[in-house]
Amino acid sequence: MALTLARPVHSELLIKKSRFIGCVQPVAGRAEAQQVVESLRAQHPGATHVCWALLAGGQSAANDDGEPGGTAGRPMLEVLRHQQLEGVLATVVRYFGGVKLGAGGLVRAYTDAVAQALLQAEKLPLRRTLQFACRVPYALEGLVRRELQAAGAALGEVRHEDAVQVAFSVNEDAADALRARLNEAGQGQLVWVEATAR
């Protein structure tokens, strides 16, 4: 089963006068990961490198940011894969200390920075979220909203037309029970519009 992280966790290593600031954190996808990396560049203008690795949405990416090819991003990515993580970004900010580490030293430093952060990280099972939409008469809108709240579903767009169209998302493990309760409470007046996985 794939795992994700509860919150960002940091590490810091000092290796031959070079400072490596590692972070692992949950992200939704590549766009959010790019924002985090750009934010790190802004926070650390004096850093020599901001390397990163991403596993999210079934996609992977790694960036050495000027370090010799394959010595930073890819080793960081392998640490994430080894931990069976998904929806996770690993970043390492490096301040060069004047002593070259060599290819093997760089691989170890970047790998260790990510591994040290992961040792402190709280890992959670990754749950798929399902998206739904249904149409109900105005008289049932309050009941639908109460059922969604009770099931821990996230309310999405609500459109008031000839009937009320309610969009929501819910964890996959709670979806079947919630749909059954809504169908029963709706007494045949509830119409399902769509369902997708995320």
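Remember, predicted model here, so these are calculated numbers, not experimental data. Along the sequence shown, residues are numbered consecutively beginning with 1.
- Heavy atoms only, all atoms of each residue included: L13 and A109 are closest at CD1-O, 3.9 Å.
- A salt bridge does not link D64 with R74: none of the charged nitrogens is closer than 4.0 Å to a carboxylate oxygen.
- Checked by atom type and distance alone, the side chain of S18 pairs as donor or acceptor with a backbone atom of G97 at under 3.5 Å.
- Remark: Q34 CD to E38 CD distance equals 6.5 Å, nearest 0.5 Å.
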L118 and V9: CA distance, side-chain angles, deciding distance, side-chain contact (heavy atoms from CB on, under 4.5 Å) verdict: CA-CA 7 Å; L118 284 171; V9 180; over 6 Å; no

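- Panel note: side chain N63, backbone W52; no donor-acceptor pair is recorded below 3.5 Å.
- Formation of a donor-acceptor pair under 3.5 Å by the E141 side chain with backbone atoms of P137 is not found in this model.
- In this structure the side chain of V88 never reaches within 4.5 angstrom of the side chain of Q25, judged on heavy atoms.
- Atoms SG and CD, from C134 and Q165 in turn, are 8.0 Å apart once rounded to the nearest 0.5 Å.
- The number of heavy atoms from other shown groups lying within 6.0 Å of CD (E12) is above 12.
- No continuous path of hydrophobic side-chain contacts links L54 to L77 [ILVMFWY only; heavy atoms under 4.5 Å].
- Heavy atoms only, all atoms of each residue included: A72 and C51 are closest at CB-SG, 3.6 Å.
- Using a 4.5 Å heavy-atom cutoff, the side chains of V170 and Q131 are not in contact.
- If you chain together hydrophobic residues whose side chains sit under 4.5 Å apart, V114 and L119 never meet in one group.
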Please walk me through it: do E157 and V166 pass side-chain contact (heavy atoms from CB on, under 4.5 Å)? CA-CA 6 Å; E157 182 183 15; V166 181; over 6 Å; no

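- Under the 4.5 Å side-chain heavy-atom criterion for ILVMFWY residues, no single connected hydrophobic cluster contains both V99 and I15.
- No side-chain heavy atom of V92 sits less than 4.5 Å from a side-chain heavy atom of I21.
- Contact between P68 and L106 at its shortest, heavy atoms only, is CD-CD1, 3.7 Å.
- Put simply, the side chain of T111 gets close to the backbone of V107: a donor and an acceptor are under 3.5 Å apart.
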Start with the C-alpha gap between H44 and Y95, add the side-chain angles, then the distance that decides, and say whether side-chain contact (heavy atoms from CB on, under 4.5 Å) holds. CA-CA 9 Å; H44 298 276; Y95 286 89; 2.8 Å; yes

Show your working on side-chain contact (heavy atoms from CB on, under 4.5 Å) between K100 and K16 and close with a plain yes or no. CA-CA 8 Å; K100 292 192 175 183; K16 293 186 181 176; over 6 Å; no

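- In plain terms, the two heavy atoms of A121 and V24 that are nearest each other are CB-CG2, 4.5 Å.
- A donor-acceptor contact shorter than 3.5 Å is absent between the side chain of S60 and the backbone of L55.
- Distance check, rounded to the nearest 0.5 Å: CG of L182 to CD of E147 gives 6.0 Å.
- T4 places no side-chain N or O within 3.5 Å of a backbone atom of L124 that could act as its donor or acceptor partner.
- Within a 6.0 Å radius of CG in N183, other residues, nucleotides and ligands contribute more than 12 heavy atoms.
- In this structure, E161 and R135 have side chains that are in contact, with non-hydrogen atoms separated by less than 4.5 Å.
- The line from CG of L143 to CG of L190 is 9.5 Å long, rounded to the nearest 0.5 Å.
- Under a 4.0 Å N-O distance rule, the pair E184/R181 does not qualify as a salt bridge.
- One distance of note links CG of L130 with CZ of R179; it measures 9.5 Å at 0.5 Å rounding.
- Taking each heavy atom of S11 and A113 in turn, the nearest pair found is OG-O, 2.6 Å.
- The heavy-atom pair separating A90 from M76 by the smallest distance is O-CE, 3.4 Å.
- By the rule that hydrophobic residues join a cluster once side-chain heavy atoms approach within less than 4.5 Å of another member, L178 and W192 end up as members of one cluster.
- There is a path of hydrophobic side-chain contacts, each under 4.5 Å, that joins L80 to Y110.
- Between the D65 side chain and the H49 main chain, no donor and acceptor come within less than 3.5 Å of each other.
- Taking the side chain as every heavy atom from C-beta outward, F20 and V93 never approach each other to under 4.5 Å.
- Looking only at side-chain heavy atoms (C-beta outward), R7 and E122 come within less than 4.5 Å of each other.
- Side-chain contact between V158 and H160: present, with at least one pair of heavy atoms (C-beta onward) separated by less than 4.5 Å.
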Using side-chain hydrogen bond (donor to acceptor under 3.5 Å, both in side chains), reason through Q43 and S39 one step at a time and then give a plain yes or no. CA-CA 6 Å; Q43 291 170 37; S39 170; 2.9 Å; yes

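- The CG atom of L89 sits 8.5 Å away from atom CD of E32, with the distance rounded to the nearest 0.5 Å.
- Using a 4.5 Å cut-off on side-chain heavy atoms (C-beta onward), K123 and L5 make contact.
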